[in-house]
Novice: 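Quick one: structure below, then a few questions.
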Amino acid sequence: MTPADLVIRSPRTVLPEGERPAAVSVRDGRIAAILPYETPASVDLGDVALLPGLVDTHVHVNEPGRTEWEGFATATRAAAAGGVTTLIDMPLNSLPPTVDPAALAAKRAAAEGACAVDVGFWGGAVPGNASALRPLHDLGVFGFKCFTSDSGVPEFPPLAPDEMKTAFREIASFGGLVIVHAEDPASLAPPSGGDYAAFLASRPPSAERRAVERVVQLAEETGVRAHILHLSAADCLDVLAKAQAGGLPVTAETCPHYLTLCDGDAGTAAFKCCPPIRDAANRDRLWQGLASGVISCVVTDHSPCTPDLKRGDFATAWGGISSLQLGLPAVWTAARARGHDLASVVRWMSQAPAALAAVPGKGGIVPGNDADLVAFAPEETFSVDPASLHHRHPVTPYEGRTLTGVVRATWLRGVRIADTPTGRLLTRSEPR
Ligand SMILES: [Zn+2]
């Protein structure tokens, strides 16, 4: 056997079975073995933890077409600095949206050679593109996003109930995954003013609950695998728990902002997103949903825009929060305060998203997987300075907050991420 290219050891190595002292050997870009901690190491992390790279399945890169909002170079640099080594790009807010093979080709052309981390793509299901879904699936998209309500951009319209059924049937026919922005349009209203209370009242929990009920019903009718994106309303948890208990393949994610912020924090439009950040009691229940496993993934929904679009009041500003670089420390800070361990955070932010999207070779420190690794100082604190963010626009609701947990280094396939972009474009079916 040839010697390892790299051996990294940490007393806090986070493996699928939990955290323990171990050394990880790397050969040809992959994890070769998990060895005793006493193994001579080329990198000794001291007290710093060793995690698998995070897998963020909910990122809006916006390139091509709205690259002034965010682009592959800036988003993936922010990802690497935040311990995210794989991201899956959402099909909307770029132009064209990723709803047919030509648009996917445009995406791949824009991303090629620009990415500091590995990048895959979601396709989109919009009215009239049912015949493009199978070809996109065959080209390796990880699944299909659809909206039940207005998406915020005119080129990516929502699906009406009958169109949802058609799309779900088609996606089920080839064993694909549908991911849904679930808010019932009939339960939403324009905000009656520009403050946060008016915005929050305009998007009530019942809107999410009704849409989730419809998705569950359609999943049952069509047999499709369905995933609820960015769950904010804890009132949906019993609907999801019942569906899961009944054996339906329905999963859900939530986001760092729903777990760490609440309505009382929302001072500026930096806090605006859809569905909205709700009250502290709702936030407590989302944590319970994670602990019970009803919610399996925590991903960022990184959705930037230009600062001028974020300057309006809560009625007019763009809805979207940028947190690709801050998701891990934000979630870890709150998780540890609530008694959750680092292994749980890794399960929610790496293992479960990788499993959801079936990303080959990612999501855990396991022999054979890509050697995507993160050195994370779990006891170190820092204050969020927007100037330290690599996002194209450093607008963040976390500004000035003290967070615990600092990413010290990130490796992609065994090579420490530096200035030269070495990220690959991933496909669902990529042979290993
Ligand atoms: Zn999103």
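In each ligand, atom 1 is the first atom listed, and ligand 1 is the first ligand listed.
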Novice: Would you say that Leu51 contacts Ser350 through its side chain, given a criterion of any heavy-atom pair below 4.5 Å between the two side chains?
Specialist: no
Novice: Closer than 2.8 Å to the Zn ion (ligand 1), do we get an N, O or S atom from His60, backbone or side chain?
Specialist: yes
Novice: Donor-acceptor check, side chain of Arg428 to backbone of Val141, threshold 3.5 angstrom: yes or no?
Specialist: yes
Novice: Restricting to N, O or S, what is the name of the atom of Asp301 that lies nearest the Zn ion (ligand 1)?
Specialist: OD1
Novice: Please check if any side-chain donor atom of His230 sits under 3.5 Å from a side-chain acceptor atom of His181, or the reverse.
Specialist: yes
Novice: Counting only heavy atoms not in Glu155, do more than 12 fall under 6.0 Å of its CD?
Specialist: yes
Novice: Just wondering, is there an N, O or S atom on His230 that's nearer than 2.8 Å to the Zn ion (ligand 1)?
Specialist: no
